[in-house]
Amino acid sequence: MPEKFMKPYDPAATESRIYAAWEESGLFNPDECVKQGITPPDAPSYSIVLPPPNVTGRLHMGHALMLAVEDIFIRYKRMQGFRTLWVPGTDHAAIATQSVVEKQIKKDENKNRHDLGREELLKRIGTFAAESHDMIVSQLKTMGASLDWSREAFTLDETRTHAVRKIFKDMYDAGLIYRGHRIVNWDPKGQTTISDDEIVYQEEKTTFYYLKYGPFTIGTARPETKFGDKYVVMHPADARYEEWKDGQKIELEWINGPIEATIVKDESIDMEFGTGVMTITPWHSMVDFDVAERHGLDKEQIIDERGKLLSIAGEFAGMKITEARARIIEKLRKKGLLVSEESYTHNIATAERTSGIIEPQIKLQWFVEVNKKISGRNKTLKELMLEPVRSRAIKIVPEHFEKTYFHWIENLRDWCISRQIWYGHRIPVWYRGEEISVGIEPKEAGWTQDEDTLDTWFSSGLWTFSTLGWPEQTDDLKRYHPTDLLETGYDILFFWIARMILMTEFALNTIPFKTVYLHGLVRDAQGRKMSKSLGNNLDPLDIAAKFGADAARMALVVGNTPGTDMRMSEDKIKGYKHFANKLWNIARFVLTNASEEKNGSKTWPSGPERDHFSPREHELLTELDTLAKEMTDDIENHRVYLAAEKIYHYVWHTLADKIIEESKPLLAGTDSVKKESRQTLLLRLLDQSLRLLHPFMPFVTEEIWQSMPTKDAPFLMVARWPKPAKGLLQ
RNA sequence: GCGCUCCUAGCUCAGUUGGUUAGAGCGUUCGCCUCACACGCGAAAGGUCACAAGUUCGAAUCUUGUGGAGCGCACCA
C-alpha cells in the first residue's frame, strides 16, 4: 500500500505532477503514440482544434467548460485506439486585444495610440499578448487538457500569416473580395469599422420628434442628421399621399433656410410607423443608403468620424451631435417647425469592445461578397455556407441551432473585413499610384501597403486547416482534416463557425468539421452572467487549487446539456472534490483488501478462471459491462452529461455502497477460493471504473491506476477503453 | 416584427425513439465518529411534470392553444 493512500486525496499535490508526467511521455502527440507502439500506424484518426482563446488576459469558466468537454472526447477516443490529435493555439483577437492595451496605456500614461505611433503600440501589444499567452497555456495545463503542444499555433504567427495572404489573394482573384464605398458601422470611439456581429444593441429612452417638412409631417429621433435631407419618401400605395408623384419637386423652409426637396416613392416605408413619411440621410443610415442606391440619389456626409457636425450644419458645425440636438430642436421650435414630441424607447447600436455609439458612415473599405456566384463553381459563398448544414454533412448539436444558423445566413450581407486598427493581419495589398498588388509584396520601390488590418475572424476562419499547415499539402492536413468535432459556445455560432465553413468550403472545397457541439454559458449561482464588473467570476486556477481540476471538470459537465446555460457555484464543485476523495478511499479499500502481505512484499490474487466467479459475481460484471456499453453510446451521441452522471452514480452508489459492503464478509471469511475470487472481482471492477471515469476525471484516476496491479500500459491515459461488445468477462 | 428555447421536488437541473411505483445533486429532518472514507454511513420527508384541449391501450415526453420566463436576428425614419 503506497503511503499516499493513507491520507485524504490531495488534488493540489497530485495534479501538476501527473500533468508533467504525461507531458514528459510525449503521448499527447499522436505520432509519439504510434512510435511507442500504443496506436497502430493505420489507426483511424480523430481530431479537434482548440478554439483559440483570445490573448486578452485569463481564461474564465466558459473556457474551462470547453476544455472539459473537448478533453473528454479526446481522451475517450485516444483510449479507444484512435490516432487522436488535439491542436492548441491562441487568437490575437485584433480589436479586443488592442482595446485592452489602449485602455491600459490611457490609464497609466494618459496617452492614445497616435501619441505612441504604430510601431510602439504594436510592441506594447506584443508584450501584453505574450504574457497573456503564457498565462493561458498554464491554465490549459492546469485543467488537464491533453493538447499536443508540439503543434501549437497562433493566429498571427508566420504559418498562419502565409495562409491569410494566400486565401486573401485567392478570394480576390475569384472576384469575391472587393474594395468599395459602402455604408459601414463606424465606431467613433474606437475609430474603426466593425462588423454587424460586433454590435450590441442597448435600449435607450429618448424623444421622438414630429417636424414640419413642407406639406408633410415627418418623425425622427435624430434631428441632428436632418440638415441635408432633401428627399422625402413615402410608400407608393399610401392613399394619404396619393396626390404626390414620384420625382416631384417641392419648396420648403428647413432648419437653415429654404430648400428644394424631391418626392420619392419606395416600398420599404412602413405606412404604420409615425406619419408614414420620412426624409432620408443616406450617409448615416443603412436603410436610407439602400433607398438612395435603389433610386440613384445623392448622398452627403453630415457627421464626421469623431461624431461632430460638418459645415453643412451651418451654425451647428463642429458641435458634438449630443449637444447639438437640443439646440437644433430649440431652433426648430422657434421657427415653428416642431409639431410635437413624444417619449420613445428604441435600441441603439453600440460597439461591443468600446461601447461607443455606432454612427453609420460611407467609407472606402474591403468586403467579402457573399451573394456572387463563384466562377467555376456556380455557387455563392452564402450557398456554400448553407449546403453542408442542410445536407447534414455538418451536424449541429443541439440540432435546433441549425434553424438559428439558417436564419442568420439568409439575412447575411457582404462582410466588411477591413479595420482601422493596427494590431492584426495587415491587409495584403500594396498600392503605387493607380497600380495595385494583391497578396504579394512587390520588390520594387515606391509601393505602400494598405494601412488597414483584417477583421480578426478572417484569420480565425481558417483555423481548422491553417493549424494543420495549409497551404502546404502537409501529412497532417491529409490525415486530420476535416476535423471531427468543433466544440464552442453557441454565442460564436455566427462569428466563427459560419466563417470557418465559408473559408473551408472556399479554400478546400470541403467541410471544416463533421460535428459542431455548442455549449451554453456558465453563469453564477444566481443565474447572472459572470463578469468583471459584478465580481462574480470564478477563476479556473483558483478553483483547481481549492478543489482540483477533476472536481471542476465534473461540476461543469454533469447534467449540463449542450446549448443550455448552466449555473455554477463553489458548492457544486465541492461535491465533486468529495467524490474524488470517495474514489480514493475505494481504491485504498480495494488495494488493501485485494492483496496479501507475505514476507513484507505484496502479492495479488492470480485471478481465477472465469468459471470460478460466483453467479453473483457474473451478475456484477455484466452490470458494469452494461454501464460501459451505455456510456460508450452516450459519448458517441454527444451526451457526455449523461455518461458523466452514470459513472459517478455507479462508483459511489453501486461499487462503494453495494459491492464493497457485500464483499466485506467474503474478504474477512476463511474460504480462500471465495475470497480470492472476490479480490479479483474488486480489482477488475475498480480497474474498469477508472478507465470509464478517466476522460472526466483524468488526474485522480491516473494517480490510482498507477498503483493498480491491472496496469497494462504506461499510463491510464493510453490504456484501452472497456470494450463492451466483447464483454468484461474475457 | 421574424425566429429559437425553457416552464419537472425548497433550489439547480436530468429524463435519449411516448411504456412498469417520475430521477440526481445540493438543501431539509432523524439516527450514527460501524476498523475504506465525517470530504463519511443509514433512513425519511418532499412533485396534480405551468395550464387547457386533443392524439393514443398508454403522455413529463407527440399536436394545438393559453399564460409566464429567457435568448437570437432585424427594424426603429
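Proteins get letters first, then strands, A, B, ... in listed order; numbering begins at 1 in each. Owing to the predicted nature of the structure, the values given are computational and were not obtained by experimental measurement.
Taking the P atoms as reference points, B/U63 lies 11 Å from B/U5, given to the whole Å. Taking atom C1' in both B/A9 and B/A60, one finds a spacing of 14 Å when rounded to whole Å. For the C1' atom pair drawn from B/U20 and B/C57, the interatomic distance equals 14 Å after rounding to whole Å. Here the separation of B/C6 from B/U16, taken at their P atoms, is 12 Å to the nearest Å. Remark: the separation of the P atoms in B/C4 and B/U66 is 15 Å, to the nearest Å. Taking the P atom of each, B/U8 and B/G47 are spaced 15 Å apart, rounded to whole Å. As rounded to the nearest Å, B/G10 and B/U29 have P atoms that lie 16 Å from one another. Comparing the C1' positions of B/C7 and B/C49 gives a spacing of 10 Å, expressed to the nearest Å.
Contact annotation: A/Y641 side-chain N/O to B/G15 OP1/OP2 distance is under 4.0 Å.
Here A/K577 does not pair with A/E15 in a salt bridge; the nearest charged N to carboxylate O distance is not below 4.0 Å. Under 4.0 Å is where a charged nitrogen must lie from a carboxylate oxygen, and between A/R294 and A/E267 no such pair does.
Using a 4.0 Å heavy-atom distance criterion, A/R567 is classed as a sugar-phosphate-only contact. Counting any heavy atom pair closer than 4.0 Å across all strands shown, A/S569 reaches no nucleic acid atom.
Closest heavy-atom contact between A/P282 and A/I362: O-CD1, 4.0 Å. For the pair A/F696 and A/A643, the tightest heavy-atom approach, listed with the atom from each and the gap, is CZ-CB, 3.8 Å. Across all their heavy atoms, A/G228 and A/I302 have their closest contact at N-CD1, 3.9 Å. Across all their heavy atoms, A/M554 and A/A644 have their closest contact at CE-O, 3.8 Å. Heavy-atom minimum distance, A/L627 versus A/K646: CD1-CB, 3.8 Å. In plain terms, the two heavy atoms of A/T281 and A/D288 that are nearest each other are N-OD2, 2.8 Å.
Between the C1' atom of B/G23 and the NZ atom of A/K646 lies a distance of 13 Å, rounded to the nearest Å. Between A/D634 atom CG and B/G15 atom C1' the separation is 12 Å, expressed in whole Å. In this structure, A/K403 places its NZ atom 11 Å from P of B/G3, rounding to the nearest Å. Note: CG (A/L642) to P (B/U17) measures 11 Å, nearest angstrom. Between A/I704 atom CD1 and B/A36 atom C1' there is a gap of 12 Å when expressed in whole angstrom units. Rounding to whole angstrom units, CG of residue A/L655 and C1' of B/A36 are separated by 11 Å. What separates CE of A/M568 from P of B/G25 is a distance of 16 Å, to the nearest Å.
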Notebook entry, point to check: Do A/H638 and A/F73 pass the ring-ring contact (aromatic ring centres under 6.0 Å, His included) test, and can you show the C-alpha distance, the side-chain angles, and the key distance before you say yes or no?
Noted result: CA-CA 9 Å; A/H638 308 102; A/F73 283 108; 5.7 Å; yes
Notebook entry, point to check: Taking it one step at a time, do A/E293 and A/R182 satisfy salt bridge (Lys or Arg N to Asp or Glu O under 4.0 Å)?
Noted result: CA-CA 10 Å; A/E293 286 283 283; A/R182 293 274 320 272; over 6 Å; no
Check: Just by protein heavy atoms under 4.0 Å, how would nucleotides 67-77 of chain B read 5' to 3' in B, S and -?
Finding: -----BSSBBB
Check: How would nucleotides 37-44 of chain B be written as a contact map, 5' to 3', with B for base contact, S for sugar-phosphate-only contact and - for no contact, using protein heavy atoms under 4.0 Å?
Finding: B-BSSS--
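Each of A/Y576 and A/M566 was matched to the nucleotide of RNA chain B holding its nearest heavy atom; the match closer to the 5' end belongs to A/M566.
Side-chain atoms of A/K664 and A/N593 include no donor-acceptor pair closer than 3.5 Å. Looking only at atom types and distance, the side chain of A/D266 has a donor-acceptor partner in the side chain of A/S268 under 3.5 Å away.
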Checklist line | Nucleotide pairing, RNA chain B (Watson-Crick or G-U, distances under 3.5 Å), in dot-bracket with [ ] and | | finding: (((((((..((((.....[...)))).(((((.......))))).....(((((..]....))))))))))))....
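In A/K574, the NZ atom is not crowded: 12 or fewer heavy atoms of neighbouring residues, nucleotides or ligands sit closer than 6.0 Å.
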